[in-house]
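In this text, all values refer to a predicted model and were calculated from it rather than measured experimentally.
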Amino acid sequence: METKDEAKNMRAVVVERWGGPQELGEREIERPEPGLSEVLVRVHAAGVNPVDWKTRATGALIEWGTQPAVGWDVSGTVEAVGPGVGVFRPGDEVFGMPLFPRQAGGYAEYVVAPARHLARKPAGLTHVEAAALPLAALTAWQALVDTADVRPGERVLVHAAAGGVGHFAVQIAKARGAYVIGTASAAKHALVRELGADEVIDYRSVRFEDAVSDVDVVLDGIGGRTAERSLRVLRDGGRLITLPGPDDVPVAREGVRASWMLVEPDHHGLREIAALVERGGLKPVVETVLPLAQAAKAHEIGEQGGTTGKIVLTVD
């Protein structure tokens, strides 16, 4: 039988010290309680993203708590609601990306989140599939819909089109009525076309700027020289959105806009993404599923690069 003290604790993956994947450890820590306008979510699955291992390595960007806990993407069940919450009740199935870029601690049995950082889980998706959505799909949505305002008939180039953000971006751009071009290794072309791309370029054998032109929007999740080269394919009035960091934004020529975007929690965006999933216009691709205790292995796989879609941890 669970004791009173045990009921107040939970399993969570924390960072012992900044460094490699081996610095991730599963610990028993105090279970949080929801405050004003917050909900306590029992986590069933947690998505893994590049920002997870990048912050684990250096501690940069994030405002950490006293015991650094990693992870943002979660899908689970509302366990309790704090004062003032009107949108959820205990038992509701939800997904979201709470608190980003502040510490959320999604690699855990429970997480506390502002209610408006979550939305109802898309009907028909498992918790594993739903946990793959929030950060990557919101990044693609906010870049293509909110920032670039992609219109029907526009030409959209998505770099790393089979990756976490990229595979969602292809589908979202297609749902907006765009002509979609993706870059990916040859082995992933069939998947990218299945997701809706009209053209796929093998970046290993072809320079994309030699193969495509007159592009309206480029979504760059790679940065560096890729961002600079992307300016060459944009037509006047074109928009380049780069994701790795502000230092990767190249100096754009007149008539072309280049910007950096950082994803943020977005209740409305999550609802739009869930609706698109339920209409059949968006599906998550999950390449690897591992238990919470193997979070370090998940980071090792992610850091090797070349992941198709997402990596997800199961918490049950």
Side-chain angles (χ1 to χ4, degrees), residues 21 45-54 56 71-75 95 97 106-107 122 124-141 143-144 156-175 180-206 208 211 218-224 226 242-244 263 273 276-277 280-292 294-314:
V48 179
N49 295 286
V51 69
D52 300 5
W53 56 77
K54 291 176 183 177
R56 180 220 70 225
W72 285 275
D73 280 350
V74 296
S75 182
F95 77 119
M97 183 194 71
Y107 295 4
L125 289 193
T126 66
H127 284 291
V128 166
E129 292 169 324
L133 284 167
L135 194 148
L138 273 177
T139 298
W141 183 272
L144 297 176
V156 176
L157 172 62
V158 178
H159 288 301
V165 172
H167 87 285
F168 289 127
V170 167
Q171 298 175 78
I172 290 169
K174 198 64 183 176
V180 183
I181 307 157
T183 66
S185 61
K188 299 178 181 180
H189 282 203
L191 170 65
V192 177
R193 288 189 181 277
E194 180 185 333
L195 295 174
D198 298 284
E199 294 182 36
V200 190
I201 299 168
D202 181 2
Y203 68 90
R204 291 178 176 171
S205 63
V206 178
F208 67 85
V218 176
L219 181 59
D220 168 37
I222 302 171
T226 299
T242 189
L243 303 175
V263 67
I273 287 165
L276 186 57
V277 170
L282 187 69
K283 65 177 182 179
V285 174
V286 179
E287 181 178 72
T288 303
V289 181
L290 294 168
L292 181 66
Q294 294 186 35
K297 182 177 179 180
H299 279 216
E300 289 173 1
I301 293 170
E303 286 182 300
Q304 290 171 3
T307 299
T308 300
K310 295 293 298 292
I311 302 169
V312 176
L313 299 171
T314 55

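- The nearest pair of heavy atoms linking Ala211 to Ile201 is CB-CD1, 4.1 Å.
- At distances below 3.5 Å, not a single donor-acceptor pair connects side-chain atoms of His167 with backbone N or O atoms of Val192.
- Between Asn49 atom CG and Asp73 atom CG the span is 4.5 Å, to the nearest 0.5 Å.
- The side-chain heavy atoms of Phe168 and Leu133, taken from C-beta on, include a pair separated by under 4.5 Å.
- The distance from the CG atom of Leu282 to the CD atom of Gln171 is 4.5 Å, given to the nearest 0.5 Å.
- Test Val158, Leu157, Val156 against Val218 for side-chain contact (heavy atoms from CB on, under 4.5 Å) and you get one pass: Leu157.
- At distances below 3.5 Å, at least one donor-acceptor pair connects side-chain atoms of Glu287 with backbone N or O atoms of Thr308.
- To the nearest 0.5 Å, atoms CD (Gln294) and CD1 (Ile301) are separated by 8.5 Å.
- In terms of the side chain to side chain donor-acceptor pair (under 3.5 Å) criterion, residue partners of Asp52 (sequence neighbours excluded) are, by chain and number, Tyr107.
- Side-chain contact between Lys283 and Leu195 is present, with heavy atoms from C-beta onward closer than 4.5 Å.
- For the pair Thr288 and Val48, the minimum side-chain heavy-atom distance is 4.5 Å or more.
- Shown here for Val170 and Ala161, the closest heavy-atom pair between the two residues is CG2-CB, 3.8 Å.
- Across all non-hydrogen atoms, the minimal contact from Gly124 to Glu129 is O-OE1, 4.2 Å.
- Contact between Ala298 and Leu313 at its shortest, heavy atoms only, is CB-CD2, 3.9 Å.
- Closest heavy-atom contact between Arg193 and Asp198: NH1-O, 3.2 Å.
- The two residues Ala136 and Gly164 have their closest heavy-atom pair at CB-O, 3.6 Å.
- Taking the side-chain contact (heavy atoms from CB on, under 4.5 Å) definition, one finds that Pro21 meets it with Arg56, Ala296, His299, Glu300, Glu303, sequence neighbours left out.
- Without hydrogens or angle criteria, Lys188 side chain to Gly306 main chain gives a donor-acceptor distance under 3.5 Å.
- A distance of 6.0 Å separates CD1 in Ile273 from CZ in Phe95, rounded to the nearest 0.5 Å.
- No side-chain heavy atom of Thr183 sits under 4.5 Å from any side-chain heavy atom of Thr226.
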